[in-house]
Amino acid sequence: SDIALDKARGQQLSHESYMEGQEEQHLRQLMLIRDLRDAVTNSELWMAYQPKVDTHSGKVCQFEALMRWRHPTLGLVPPDEFIGLAERSGNISLLSSWMLAHVCEQLHHWKCADSHLSVAINLSASDLTDLTLPKRIKELVNHFNLTPDQLALEVTESTVMQDVDAATETLLALSQQGLKIAIDDYGTGYSSLAQLKRLPVDELKIDKSFVLKLDTQGEDLTIVRSTIEMAHNLGLKIVAEGVENSATAELLCKLQCDYLQGYWIAKPMPAEAVLGWLDDTPYPLLPSQATH
Ligand code: C2E
Ligand code: MG
Ligand code: MG
Ligand code: MG
């Protein structure tokens, strides 16, 4: 019948446009991989900084450095897209090296402006299997006249588990150098606590998927509450990312979460905005009802 024919045509069409979409996607990826190397030399990368607040004091305790790439024709490309491509195409160490030097230089500038800030950086799996990383970080810290506590690391469970032995060795060396280490996106990976316990971890950063709807989802509240308890019982600090409203911030303070990060406090901002933001932001940075 005509109806069946139309339906078949419709399916054919949607299949074709699906294929076109796939092809477009594939071309975009090839283009991004091709242009990644030039991104560094053409100054298309920069770092955005997002604050974390200590719930005990209501003060900013650290900023997280998040990479940004403005492609000359494609515009802003999200890191969730280009970091993975850089990892799979063998270009990530190029980006990580640039990022490390750039962040240390930025910390140096802030220090010259009389601000002793601390920044957490995100690392990829191949950064952790590079056994020269601790030495390179030590050299950068010395070169820019920083103290090791000004740098912290965020690694995900899957990043570590790709090569547990090498990652453990690298992280142990960095921890001995005085850098704090956080497990990022905690709760989304498959590692056991037994595995994590072997790592020199200081903090668990609970994934934003459990935090975004914390004020309305009872299940998330249960998960977050027990994660905080467990972390504390293991002597770990706990950070919540993705705090988007004051109700969530209040809940997390009641649950004794140590640090908060999210759009409710501030979105990631360019380095030039950081000192001004710190000056303009009223303290304490917590909902008025939250005390602990
Ligand atoms: P991540 O390290 O887990 O960073 C948290 C992400 O959540 C960031 O996305 C941040 O902008 C976003 N975010 C922060 N607060 C909120 C909030 O309240 N609500 C919502 N909906 N989102 C929030 P971004 O900047 O797009 O980064 C995505 C991921 O890319 C990062 O996840 C990290 O895994 C990776 N990445 C970023 N920069 C670097 C880097 O320099 N090196 C490596 N290896 N990975 C990086
Ligand atoms: Mg992170
Ligand atoms: Mg995260
Ligand atoms: Mg993430």
Side-chain angles (χ1 to χ4, degrees), residues 32 36 39-40 44-53 60 62-70 75-104 106 118-130 133 137 151-160 162 167 170 180-189 201-215 220 224 227 238-249 251-252 257 259-271 285:
L32 291 175
L36 261 171
V40 178
E44 291 162 14
L45 301 176
W46 78 97
M47 301 305 291
Y49 295 86
Q50 188 181 30
K52 295 182 198 174
V53 167
V60 173
Q62 194 179 58
F63 285 83
E64 177 177 9
L66 296 155
M67 201 179 288
R68 298 290 178 258
W69 180 17
R70 192 182 301 283
L76 211 58
V77 186
D80 276 329
E81 184 175 10
F82 74 80
I83 294 287
L85 288 175
E87 284 168 347
R88 279 172 274 141
S89 63
N91 284 315
I92 192 68
S93 65
L94 203 73
L95 297 191
S96 299
S97 300
W98 172 83
M99 181 267 286
L100 265 168
H102 188 81
V103 166
C104 289
Q106 184 59 58
S118 159
V119 168
I121 56 169
N122 294 281
L123 292 179
S124 296
S126 65
D127 297 321
L128 291 185
T129 53
D130 176 358
L133 184 75
I137 289 187
L151 266 190
L153 308 175
E154 295 190 6
V155 295
T156 64
E157 297 163 80
S158 58
T159 298
V160 173
Q162 278 188 34
T170 308
K180 293 271 186 284
I181 295 161
I183 298 292
D184 206 348
D185 301 347
Y186 183 74
T188 59
V201 173
D202 302 284
E203 270 177 30
L204 294 185
K205 195 167 183 185
I206 192 157
D207 190 67
K208 59 177 174 288
S209 59
F210 303 107
V211 178
L212 288 171
K213 298 190 193 100
L214 192 69
D215 53 331
D220 288 346
V224 169
T227 306
I238 190 119
V239 194
E241 60 174 22
V243 179
E244 291 193 348
N245 57 55
S246 63
T248 300
L251 272 170
L252 287 161
C257 185
Y259 310 110
L260 308 185
Q261 187 183 30
Y263 296 168
W264 179 70
I265 296 153
K267 289 195 171 174
M269 61 187 94
L285 251 164

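Values reported hereafter were calculated over all heavy atoms of this structure, with side chains retained and with hydrogens, waters and symmetry mates removed. Remember, it's 1-based here, ligands and their atoms both numbered in the order they're listed.
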Please confirm whether Leu212 approaches ligand 1 to less than 4.0 Å, judged on its heavy atoms. yes
Quick one: which of Lys205, Gln261, Lys208 has a heavy atom closest to atom 6 (C) of ligand 1? Lys208
Would you mind listing which atoms of ligand 1 come within a distance below 4.0 Å of any non-hydrogen atom of Arg68? 11 (O), 24 (P), 25 (O)
At less than 4.0 angstrom from any non-hydrogen atom of Gln50, what atoms of ligand 1 do you find? 14 (C), 15 (N)
Of all the N, O or S atoms in Glu64, which one sits nearest to the Mg ion (ligand 2)? OE2
Please give the atom name: the N, O or S atom of Glu154 nearest to the Mg ion (ligand 2). OE1
Could you tell me whether the side chain of Thr248 and the main chain of Glu244 form a donor-acceptor pair under 3.5 Å? no
Taking all non-hydrogen atoms of both residues, which atom of Ser124 and which atom of Ile83 are closest, and how far apart? OG-CG2, 4.2 Å
Are any of the N/O atoms on Glu87, whether in the backbone or the side chain, positioned under 3.5 angstrom from an N/O atom of ligand 1? no
Testing the 3.5 Å rule here: is there a donor-acceptor pair between the side chains of Gln62 and Lys180? no
Against heavy atoms of Glu64, which atoms of ligand 1 measure under 4.0 Å? 2 (O), 4 (O)
Distance in Å, Glu203 CD paired with Ile181 CD1, rounded so as to fall on 0.5 Å steps: 10.5 Å
Considering only heavy atoms of Pro268, which atoms of ligand 1 have at least one such atom less than 4.0 Å away? 11 (O)
Is it the case that the side chains of Thr156 and Ser158 hold a donor-acceptor pair, with the cut-off being a distance below 3.5 Å and no angle test? yes
Among the N, O or S atoms of Asp185, which one sits nearest to the Mg ion (ligand 3)? OD1
I need the Leu204 CG to Asp184 CG distance, nearest 0.5 Å. 10.5 Å
Go through it in stages, so that I can follow the logic: the residues are Asn122 and Thr159, the test is side chain to side chain contact (heavy atoms under 4.5 Å, CB included), and I'd like the CA-CA distance, side-chain angles, deciding distance and then a yes or no. CA-CA 10 Å; Asn122 294 281; Thr159 298; over 6 Å; no
Would you mind telling me if ligand 1 is within reach of the side chain of Ile83, the backbone, both or neither, using heavy atoms under 4.0 Å? side chain
Closest heavy-atom contact between Thr188 and Ser209? CG2-OG, 4.2 Å
Should you measure from each heavy atom of Gly262, which atoms of ligand 1 turn up under 4.0 Å away? 15 (N), 18 (O)
Donor + acceptor pair across side chains of Ser96, Asp127 (<3.5 Å): yes
Ligand 1 atoms nearer than 4.0 angstrom to some heavy atom of Asp184 are 1 (P), 2 (O), 3 (O)
Spell out, as yes or no, whether a donor-acceptor pair under 3.5 Å connects the side chain of Gln50 to the backbone of Ala266. yes
Look at ligand 1 and say whether Ser124 reaches it with a heavy atom at a distance under 4.0 Å. yes
Taking 4.0 angstrom as the limit and counting only heavy atoms of Leu123, give me the atoms of ligand 1 inside it, by number and element. 44 (N)
ang(OE1 Glu241, the Mg ion (ligand 3), OD1 Asp184) rounded to 10° is 100°
Under 4.0 Å from one or more heavy atoms of Asp80, ligand 1 contributes atoms 28 (C), 29 (C), 30 (O)
Which atom of Gly187 lies closest to which atom of Phe210, heavy atoms considered: O-CZ, 3.6 Å
